[in-house]
Each structure stands twice: as C-alpha cells, then as structure tokens.
There are 2 protein chains.
Amino acid sequence: MNRDGAEPVDVARTLREPAPAAAREAIERGIDREALVTVVGRCTVEYDGRAASRLEPGDRHVMLKPDGATLVHTDEGQQPVNWQPPGCDHGVSLSDGALRIESLRSTPAERLAVTFERIDQVSAFVLADERELAVVGTEEDLRERILEEPALVEPGFTPLATERDTPAGAVDIYGEDSEGRAVVVELKRRRVGPDAVGQLRRYVDALERDLHADATVRGILVAPSVTDRAERLLAEHGLEFVAAEPPER
Amino acid sequence: MNRDGAEPVDVARTLREPAPAAAREAIERGIDREALVTVVGRCTVEYDGRAASRLEPGDRHVMLKPDGATLVHTDEGQQPVNWQPPGCDHGVSLSDGALRIESLRSTPAERLAVTFERIDQVSAFVLADERELAVVGTEEDLRERILEEPALVEPGFTPLATERDTPAGAVDIYGEDSEGRAVVVELKRRRVGPDAVGQLRRYVDALERDLHADATVRGILVAPSVTDRAERLLAEHGLEFVAAEPPER
DNA sequence: AAGTCGATATCGCCA
DNA sequence: TGGCGATGTCGACTT
C-alpha cells in the first residue's frame, strides 16, 4: 500500500443518495475499517446527558470519527450544533425504515441520536496522519521567555520555582525580588479580565498563610494588557501588573 | 424546488480524485453557491495569528462553511486541529500546481492556509436549516428553578434582582435572607472548583464596599456539588454552599 | 469593538 | 478517574 505516492489509493468510498439500508451498510463498513464517516442529509437530532436538547429536521453534515467522536454541523458556526466526545460507541440502525445513528458513552451517561429522513451522501475516508501540531505563542512560551530573562518582570527578580504548589493551586512562577520578598507571578498569554486577578489573589492569599501570618507576598500579573475592571481589582488588592507577551516566534 | 419531498434535489455535488484545477473550480463554485464545501486529502496546514502553528503533511478533512468558517479535522479528536471562525474570507488558488485554500480575517489579523499534495474528494452541499437548537439543563434553567422556589436556597430567602451589577461584575441572584441581610447567590450548573469560589468572593467583596463599610453580605454558592479545595476556600472566606441542580427537563 | 461570563465547553497534565 | 487550569477557547449579550 502506497499512501504517499502520486497514485491515490482507495481512501474514499462514497454513495450518492443511497437508500437507508445501503447507507447503513456503508456506514457500518466504514466504522469497522476505522474510517472517518460522513453523512449529509435531512435529519433530527436528540441529545440527552449532562444537559438535553432536541433539534427538529434540517439539512446537516454528520461526522463519525474512528476514535468515537461524533460531530453534527449545520451550514453555520465554527462549533457543531450537537456532538459526542471521543470514546463513544457508534451504532447504526434502521428505525421504521429510517437511518438512525446513535452515539453512546457511560460516565457521564450520554446519548446522541441522529435520525435521517433524507440521505444525500455517505462517505468513508481512511485517513493516515501521524503528524503532531506545533503551536507557538502559548502561555508556556511566555513562561520560558520570563525564565530566560527574569528582568522582564522587574530588575532583580529571581525565579525559584515553577508550578509551586499552594493550597489554592499551583503558582505559575514563584520567586523573590531584590529585597528578598516572596513574589507570585501569574502568566496570561493575552489581555486579562477580572478572573485572572481573582486567580492571582487566591495564590497570594494562600501563600501568605502558608509562609507566615506576617509574611509579605507580592502578586504580579504578567500579560499583554488588562481590562479597566481588572486593573481596578488589582489596585484594590495591592496586586501589580507587568506588560509582557509571548514571543512572536 | 422541493427540498422536503421524497425526491432528493441537487443538494450534493462530488468529485472523486479531481485534478487540482478541477478541484479549484468546484470549490469556487461551491463557495459562490453558498454551499458547505468539504475537501479530503493529504495536506499541509499553516496558521498565523493570535498564535502560530504548522502541521506537516497528513490526511485531513477540510470543511468550508458559507458563513466563512473553516475547520480542519484529522481522524482524531472532537476539536478541529486547525480552524478559522465565521466571518473569514475563503480563497482558493493553485500554487505551483497544488491546490491551496486560504482563510483570512482582519481583527485580529489571522491567516489559515491549507495546501494539498493529494486530493481524494471534493464535495459541495447546499444545506437548508432554519431550526434552532433548544437546550435544557443550563445555568439559566437553574436560575429559573431558584426564582420559582427560593426556599431551595434557604427558607426565608427573597430574591430581589438577577444580574445585579457590582464593580466586580453582575451577580446571578441578589436578595435578602429572613433577617434582612444581603445575600449574593452564584449559580453553577455543575460541580464547581476554586474558580467559582473566587467569583463569588469577588461579588461579596464588591457589594460590601458598595453598600456600607460595615454591611454584612452573605455569599452562597448554589451548585450540584463542590470539590474539596473549593469547599476549603469557601470555609476560609465565610462563604456558604447549597446543593441544587438544574431541572432534568 | 471590547468586556464579561457561560459552556453538554474540550484538552492535557498530574495526583 | 477526578481535579485543575489553559485555550488561537467559542458564542451570546451588553456597553
């Protein structure tokens, strides 16, 4: 089998406007072959689990992945209108002559059912993809940048630990300033709102309790920028802000 | 045109293993017709914008929606490996004989480029879907339940406002207890961690400042359950917890 | 356009 | 498996 050659192999199998029974067979075969299966047609979607929903008949694109994920897309929006996460069991059946696709999981118990009243196309694709996505510009990148050049936080800042544990959770960077005071640094890769201030505050509080009753712990939020409300909250709680971004590349 | 009849109309147009030029034409025609276009094949994906990423050649399923959204799916995971949100401009071209799909947005400036070295299938679907998804079991549902039966919070609790504004943000339910003390209720539809406690704390703090320096403001977190750490944080800050869930249906 | 927060968030990491 | 926090979070709503 030559998946890299110029000659395409049998990656795709497609049926146009199949009868429900033929569609069912093609979908089952696709699932067995670990293919990515797509079904396009007019359908009803029911979901019941952590929440519950019902979607009346309309034209949609349904994708079944070999890892158990199910996605139901309309012609709008980045997010699927209904879905099921990886790890689910796909089931295909005929109900009163109609094609029905069910996707089930246990913990939590959730069920997604798609019932077709018209089937436009069924495809099964056997995809080969070993490549990993490499993303640049994350909080992790910002942390590395700060650790390489701690003066970006302030002159004399010395990192002592990353992911230092406190009763309130793990601190991004823990260190001390030029006068030996404890410093908690919370990193955000982009402009921050009130929630990030709350997070920093929790860590500072927890560390003050952890060290001494009278210990001075500075809290510094490092991010590209802050919203007005977040800035006010920082000031109210005696916390600081330093502008810095993840490296561009 | 009869989209609801038993006779399927021309919803789907599909090419198997098209040459790049034919694929380009089919994709452009699909975009012009406001179709949902899918392209399956071996491709490279580049993204540059809020972050940046590169994905080396592999088999993927690319979906172009008429609202401008782009999704690149591998055979694994619920989330697309790369994407572009609605509102983007799709562009299709031939680069050195290879099919290239570009998706661009301005604010923020972001670019997604998919270059194919093998094309297995191109499809265009004209989808009709006016139906809205109705979800049950949300935080909104929990709020309605509490407002209908405030005693679920505690006997004598009287809701006075929803979304009451404070300098720290809007409080889910604001009210008073049987002794006339101010009560802030924060609702969560599922089990909560430390972040929800931080949120409630912000609101209580803000309201205490807003009312009087000496005002007593109670904070009650209403959710199905809490984690250990969240429970400890609640106790530390004198906040309370009441178990309640959104209605099942 | 920006701020704020919910979500069937999803995802990855770690105890 | 559950807890916890990041995410190119997305999406809805408000200002």
Side-chain angles (χ1 to χ4, degrees), chain A residues 47-53 69-72 76-87 103 105 107-112 133 135-143 163 165 168-172 186-196 199 202-203 225-231 246, chain B residues 47-53 69 71 76-87 105-112 133 135-143 163 165-166 168-172 186-196 198-199 202-203 225-231 246:
Chain A
Y47 157 72
D48 197 3
R50 287 164 290 176
S53 70
T70 303
L71 303 170
V72 182
E76 289 185 342
Q78 174 176 339
Q79 297 304 126
V81 64
N82 276 116
W83 68 91
Q84 203 67 292
S103 203
R105 79 193 282 214
T107 68
E110 297 198 293
R111 171 181 176 271
L112 180 71
L133 180 70
V135 185
V136 173
T138 62
E139 183 180 296
E140 167 84 23
D141 296 316
L142 176 56
R143 181 171 70 187
E163 300 296 318
D165 214 37
V171 168
D172 282 342
E186 174 63 28
L187 304 170
K188 293 293 171 192
R189 65 173 297 279
R190 56 175 222 172
R191 184 172 173 83
V192 294
D195 54 338
Q199 210 180 330
R202 286 202 335 256
Y203 297 149
S225 58
V226 285
T227 65
D228 283 355
R229 190 172 270 174
E231 190 165 27
Chain B
Y47 156 72
D48 197 3
R50 284 165 293 175
S53 70
L71 303 171
E76 288 185 344
Q78 175 175 335
Q79 295 304 126
V81 65
N82 275 114
W83 68 91
Q84 204 66 293
R105 81 194 278 212
S106 38
T107 61
E110 296 198 295
R111 171 181 176 271
L112 180 71
L133 179 70
V135 185
V136 172
T138 62
E139 182 180 297
E140 167 86 21
D141 296 317
L142 175 57
R143 181 171 71 186
E163 302 295 318
D165 213 36
T166 76
V171 167
D172 283 340
E186 173 64 27
L187 303 171
K188 292 294 170 190
R189 65 173 298 280
R190 58 173 220 173
R191 183 173 173 85
V192 294
D195 53 338
Q199 211 180 332
R202 287 202 338 254
Y203 298 149
S225 58
V226 284
T227 65
D228 283 356
R229 190 171 270 173
E231 191 166 25

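Protein chains get the first letters and strands the later ones, always in sequence-line order, with residue 1 at the start of each. Computed from a prediction, not measured in an experiment: that's the story for all the values here.
Rounded to whole angstrom, the span from the CG atom of L71(B) across to the P atom of dT10(C) amounts to 16 Å. Distance, E140(B) CD to dT8(C) P: 12 Å, rounded to whole Å. Between E231(A) atom CD and dT4(C) atom C1' the separation is 17 Å, expressed in whole Å. If you measure from atom CG of L142(A) to atom C1' of dG8(D), you get 15 Å, rounded to the nearest angstrom.
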For a side-chain contact (heavy atoms from CB on, under 4.5 Å) check, start with the C-alpha distance between L133(B) and N82(A), then their side-chain angles and the critical distance, and finish with the verdict.
CA-CA 9 Å; L133(B) 179 70; N82(A) 276 116; 3.6 Å; yes
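Scored by the side-chain contact (heavy atoms from CB on, under 4.5 Å) test, A168(A) finds T166(A), R202(A), Y203(A), A206(A) as partners (sequence neighbours excluded). With sequence neighbours excluded, the residues that form a side-chain contact (heavy atoms from CB on, under 4.5 Å) with S225(A) are R191(A). Remark: R105(B) pairs with R50(B), Q84(B), P85(B), C88(B), P108(B), E110(B) by the side-chain contact (heavy atoms from CB on, under 4.5 Å) rule, at least two apart or across chains.
Within the model, atoms CZ of R190(A) and CD of E139(A) stand 12.0 Å from one another, a figure rounded to the nearest 0.5 Å. Separation of atoms NZ (K188(B)) and CG (D172(B)) is listed at 7.0 Å; rounding is to 0.5 Å. Between L71(A) atom CG and L112(A) atom CG the span is 10.0 Å, to the nearest 0.5 Å.
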Hey, what are the protein-to-nucleotides 12-15 of chain C N/O distances that come in under 3.5 Å?
none

Identify all pairs in which a protein N or O lies below 3.5 Å from an N or O of nucleotides 2-5 of chain D, and state each distance.
residue : atom : partner : partner atom : Å
dG3(D)  : OP1  : R191(B) : NE           : 2.8
dG3(D)  : OP1  : R191(B) : NH2          : 2.2
dG3(D)  : OP2  : R191(B) : NE           : 3.0
dC4(D)  : OP2  : T227(B) : OG1          : 2.6
dG5(D)  : OP1  : A168(A) : O            : 3.4
dG5(D)  : OP1  : R202(A) : NH2          : 2.9
dG5(D)  : OP1  : Y203(A) : OH           : 3.2

How does protein reach along nucleotides 9-15 of chain D, written 5' to 3' as B (base within reach of a heavy atom under 4.0 Å), S (only sugar-phosphate), or - (no contact)?
SSS----
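Within the 4.5 Å cutoff, side-chain heavy atoms of P86(A) are placed close to those of Q78(B). In this structure, the side chains of V192(B) and E186(B) stay at 4.5 Å or more apart for every pair of heavy atoms. With contacts defined as side-chain heavy-atom distances shorter than 4.5 Å, the pair D195(A)/D195(B) does not qualify.
As judged by a 4.0 angstrom heavy-atom cut-off over every strand, S53(B) is placed among residues making no nucleic acid contact.
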